[in-house]
Peer 1: 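Please read through the structure below; I'll follow up with questions.
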Amino acid sequence: MNQAEALSRMRDAAALWSVDYIDATEIVHAACDLLVTGYDGTALGMLAAVSLRHADQDVPDILHAALAEVGLTYYEKNGTAGAEAAVRTLAARVVAGTLPPMDLAVWAHRRFGHGTLALAERLVELDDVYDCVEYSNITDPEVDAEVVAEAHRILEQPHDTDPSPSP
């Protein structure tokens with residue numbers, strides 16, 4: 001893993017943690033990757049040293065400062081900016097082929113529901129389409145293709161989150 005990959009992993013982990021998609025142990029692992037690839041900082045070192053057993057308790061107190069040391073954005077738990085960053089992160093995984101399209105739609109529907117997060121609204125609607133496939137002329141692969149197209153659209157939209165600054 002190189003520095004850019006480690007930074008990207010931490011950026012994604014911070015976004016996904018802010019919406020409870022991953023637990024705090026993933027943040028600790030991402031901090032370790034940053035240190036191994038050459039990043040440094042007091043808070044980052046403290047974050048990497050957090051016991052996995054106590055990660056859920058300790059990470060919230062250190063994460064903001066550690067992210068600042070490496071130039072990444074901190075997302076408040078359950079905030080809109082973190083939710084949008086998480087949607088983008090998972091959309092990128094769909095585009096890369098590492099997350100099944102249906103999983104993104106189902107997650108968006110469960111996490112946000114209808115009318116809550118504009119960026120995820122079409123994904124929520126597509127989850128409803130999956131639920132009706134057996135009663136319609138559309139197939140799962142066709143809905144998958146629509147989710148992939150929506151993931152591309154999401155990634156093409158401008159946003160305010162940091163693009164992964166270099167050290």
Side-chain angles (χ1 to χ4, degrees), residues 1-112 116-117 119-120 123 127 144 147-167:
M1 179 176 297
N2 63 39
Q3 282 191 330
E5 291 168 335
L7 192 63
S8 179
R9 180 171 182 220
M10 177 58 90
R11 183 193 63 235
D12 293 351
L16 295 175
W17 175 81
S18 78
V19 295
D20 297 320
Y21 187 85
I22 62 169
D23 64 32
T25 61
E26 294 298 317
I27 297 286
V28 175
H29 290 296
C32 291
D33 289 342
L34 284 170
L35 288 176
V36 167
T37 61
Y39 282 91
D40 194 18
T42 303
L44 182 62
M46 290 172 56
L47 186 59
V50 166
S51 164
L52 296 181
R53 177 179 287 166
H54 301 289
D56 288 329
Q57 294 82 28
D58 296 343
V59 164
D61 295 334
I62 307 166
L63 183 58
H64 191 279
L67 292 173
E69 286 178 347
V70 296
L72 293 176
T73 300
Y74 172 81
Y75 302 107
E76 294 291 332
K77 280 290 230 178
N78 302 310
T80 301
E84 289 179 351
V87 169
R88 284 186 179 86
T89 296
L90 295 179
R93 291 180 181 182
V94 166
V95 168
T98 60
L99 180 70
M102 182 186 274
D103 289 2
L104 175 59
V106 169
W107 171 78
H109 200 174
R110 287 183 182 158
R111 181 68 176 91
F112 306 112
T116 312
L117 184 69
L119 187 65
L123 296 170
D127 181 49
D144 287 347
V147 172
V148 171
E150 180 61 11
H152 280 283
R153 187 193 67 75
I154 287 167
L155 295 175
E156 291 167 0
Q157 286 188 345
H159 53 91
D160 295 332
T161 58
D162 57 76
S164 296
S166 55

Peer 1: Quick one, Leu99 and Trp107 - any side-chain contact, counting heavy atoms below 4.5 Å?
Peer 2: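 They are not in side-chain contact.
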Peer 1: Could you tell me whether Glu156 and Arg153 make a salt bridge, using a distance below 4.0 angstrom between a side-chain N and a carboxylate O?
Peer 2: no
Peer 1: Can you name the closest pair of heavy atoms from Ala151 and Ala91 and give their distance?
Peer 2: CB-O, 3.7 Å
Peer 1: Say whether, by atom type as modelled, one donor and one acceptor occur between the side chain of Glu76 and the main chain of Gly82 under 3.5 angstrom.
Peer 2: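 Between the backbone of Gly82 and the side chain of Glu76 there is no qualifying donor-acceptor contact (under 3.5 Å).
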Peer 1: Please check this pair: side chain of Ser8 against backbone of Ala4, looking for a donor-acceptor N/O pair closer than 3.5 Å.
Peer 2: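 Absent.
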Peer 1: To the nearest 0.5 Å, tell me how far Ile62 CD1 sits from Ile27 CD1.
Peer 2: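 These two atoms lie 11.5 Å from each other.
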Peer 1: Measure the shortest side-chain to side-chain distance between Val50 and Gln57 over non-hydrogen atoms and say whether it is less than 4.5 angstrom.
Peer 2: no
Peer 1: With a 4.5 Å limit on heavy-atom distance, are the side chains of Leu67 and Thr73 in contact?
Peer 2: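 No, too far: nothing below the 4.5 Å cut-off.
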Peer 1: Do Val94 and Asp103 have side-chain heavy atoms sitting under 4.5 Å apart?
Peer 2: no
Peer 1: Please report the interatomic distance CG(Asp58) to CG(Leu63), rounded to the nearest 0.5 Å.
Peer 2: 12.0 Å
Peer 1: How long is the span from the CG atom in Leu119 to the CD atom in Glu150, to the nearest 0.5 Å?
Peer 2: 7.5 Å
Peer 1: Quick check against the 3.5 Å criterion: does Thr98 have a side-chain atom that pairs as donor or acceptor with the backbone of Arg93?
Peer 2: yes
Peer 1: Could you give the distance from CG (Asp20) to CG (Asn78), rounded to the nearest 0.5 Å?
Peer 2: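 CG of Asn78 is found 5.5 Å from CG of Asp20.
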Peer 1: I'd like to know if the side chain of Glu26 and the backbone of Asp23 have a donor-acceptor N/O pair within less than 3.5 Å.
Peer 2: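 Side chain of Glu26 to backbone of Asp23: no pair is present.
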Peer 1: Would Val147 and Asp127 count as a side chain to side chain contact (heavy atoms under 4.5 Å, CB included) if you check the C-alpha gap in whole Å, the side-chain angles of each, and the deciding distance to 0.1 Å?
Peer 2: CA-CA 9 Å; Val147 172; Asp127 181 49; over 6 Å; no
Peer 1: Identify the two heavy atoms, one from Leu35 and one from Gly45, that lie closest to each other, and give their separation to 0.1 Å.
Peer 2: CD1-CA, 4.0 Å
Peer 1: Output the distance between atom CE (Met1) and atom CG (Leu7), rounded to the nearest 0.5 Å.
Peer 2: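 Nearest 0.5 Å value for the CE-CG distance: 11.0 Å.
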Peer 1: Run the side chain to side chain contact (heavy atoms under 4.5 Å, CB included) check on Thr89 and Tyr21 step by step: do they pass?
Peer 2: CA-CA 11 Å; Thr89 296; Tyr21 187 85; over 6 Å; no
Peer 1: Find out whether Thr116 and Arg111 are in side-chain contact, i.e. whether some heavy atom of one side chain is under 4.5 Å from a heavy atom of the other.
Peer 2: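 A side-chain contact under 4.5 Å is absent here.
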Peer 1: Met10 and Leu72: which non-hydrogen atoms are nearest, and at how many Å?
Peer 2: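 Looking at all heavy atoms of both residues, the closest pair is CG-CD1, 3.7 Å.
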Peer 1: Looking only at heavy atoms, which two atoms of Leu155 and Ala92 are closest? And how far apart?
Peer 2: CD1-CA, 3.6 Å
Peer 1: Nearest heavy-atom pair of Ala55 and Pro60: which atoms, and what distance?
Peer 2: O-CD, 3.9 Å
Peer 1: In terms of relative ring orientation, are Tyr74 and Trp17 parallel, tilted or perpendicular, with 30° and 60° separating the classes?
Peer 2: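 Taking Trp17 first and then Tyr74, their aromatic rings sit tilted (interplane angle of 30° to 60°).
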Peer 1: So which heavy atom on Ile154 is nearest to which on Val87, and how close?
Peer 2: CD1-CG1, 3.9 Å
Peer 1: Between Arg9 and Asp33, is there a donor-acceptor pair closer than 3.5 Å when you use the side chain of the first and the backbone of the second?
Peer 2: no
